[in-house]
2 protein chains.
Amino acid sequence: MGKPNDLVQGTLDLLILKTLSLDAMHGWAIAKRIQQVSGEVLQVQQGSLYPALHRLEQQGWIKAKWQESETGRQAKFYALTAAGRKQLEAEAANWSRLSAAINLIVSEV
Amino acid sequence: MGKPNDLVQGTLDLLILKTLSLDAMHGWAIAKRIQQVSGEVLQVQQGSLYPALHRLEQQGWIKAKWQESETGRQAKFYALTAAGRKQLEAEAANWSRLSAAINLIVSEV
DNA sequence: AAAGTTGTGTAGACCGTCAAGGTATCAAGG
DNA sequence: CCTTGATACCTTGACGGTCTACACAACTTT
């Protein structure tokens with residue numbers, strides 16, 4: 001099933017921020033949730049996930065805290081910051097703008 | 001105007017193929033047309049355009065022919081091949097699939 | 001004469017993703 | 001007890017598409 005690309009380049013930050021806006025969770029859970037909600041279409045590789053999380057944390061858009069996971073193990077829970085909420089809005093707007101523009105082309109007659 | 005990214009990474013091939021499916025045209029005109037049809041949202045830089053055209057030609061999806069442009073100058077006109085039409089279908093389907101999946105996440109409540 | 005438009009092209013840097021590996025803990029099955 | 005699989009974190013290196021910034025050429029406009 002894994003088609004050529006499992007992600008659209010540049011949208012991972014948006015996906016993570018949006019997912020975290022619903023609930024704080026750890027990296028592993030974020031990946032699982034994106035995969036599940038997208039109907040198994042989007043696959044987040046760990047080599048994409050963790051660098052992205054560190055990137056977002058460094059930008060101050062998310063904040064990490066070690067906590068016990070549902071399975072009783074220590075896991076790094078990420079939560080959206082205020083700046084992250086703003087960034088999410090900006091990225092979501094940008095995505096709408098760009099995907100709408102692309103659809104204009106694709107549906108051209 | 002010029003936001004961070006003028007394109008969504010990985011969609012340029014689709015945009016070019018789709019544009020050429022309506023009419024054979026030269027590179028410069030392709031870029032202008034994408035920009036115009038998208039309402040000036042999508043900007044195709046020359047450093048993206050020409051490599052992409054060469055890539056597509058090498059894949060056998062488009063074919064070049066020198067012809068006189070509307071302004072009376074020589075220009076390289078590109079036309080979609082049969083394989084290119086197939087590729088366009090595949091890329092369009094993939095875009096639908098992926099963008100729909102992303103929208104599922106983004107519009108999550 | 002200079003500047004702008006059309007038109008093609010390249011070089012190098014940038015950066016996000018992917019493939020592939022590593023570490024560790026815990027649960028379940030043989 | 002030992003292995004397998006799931007959970008959970010992480011890094012390294014390669015890859016590839018896009019961007020910035022150039023260069024070149026011909027023709028038009030100011």
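Convention: sequence-line order gives letters A, B, ...; per-chain numbering from 1.
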Check: Ala92(A) main-chain N/O paired with Ser96(A) side-chain donor or acceptor under 3.5 Å: yes

Distance-only side-chain donor-acceptor flag, Gln74(B) / Gln67(B), under 3.5 Å: no

Base-contact (B) and sugar-phosphate-only (S) positions in nucleotides 7-12 of chain C, heavy-atom cut-off under 4.0 Å, - elsewhere: BBBB--

Euclidean distance, atom CD of residue Glu91(A) to atom C1' of dG16(C) [Å, nearest integer]: 13 Å

Value in whole Å for how far the P atom of dC14(C) lies from CD of Gln45(B): 18 Å

Donor + acceptor pair across side chains of His54(A), Gln59(A) (<3.5 Å): no

Spacing between Leu14(A) atom CG and dG16(C) atom P, to the nearest angstrom: 14 Å

Approximate separation, where rounding is to 0.5 Å, of Gln9(A) CD and Ser48(A) OG: 9.0 Å

Interatomic distance where CG belongs to Leu7(B) and C1' belongs to dT20(D) [whole Å]: 15 Å

Neighbour count above 12 (heavy atom, 6.0 Å) for Gln58(B) CD: no

Donor + acceptor pair across side chains of Gln36(A), Glu40(A) (<3.5 Å): no

Side-chain donor/acceptor of Thr19(B) to backbone N/O of Ile30(B), under 3.5 Å: no

Length of the CD-C1' vector between Glu57(A) and dC10(D), whole Å: 14 Å

5′-ward residue of the pair Lys32(A)/Val8(B) relative to DNA chain D: Lys32(A)

Atom pair distance, as rounded to whole Å: CD in Gln35(A) and C1' in dA6(D): 14 Å

Integer-rounded Å distance: dG16(C) P and Leu15(A) CG: 14 Å

Range-with-range stems for DNA chain D, at least three Watson-Crick or G-U pairs under 3.5 Å: C:1-30 with D:1-30

Donor-acceptor contact below 3.5 Å, side chain Asn103(A) vs main chain Ser99(A): yes

Heavy-atom closest contact (Gly27(B) atom, Leu49(B) atom, distance): O-CD2, 3.4 Å

Value in whole Å for how far the C1' atom of dC15(C) lies from CD of Gln58(A): 14 Å

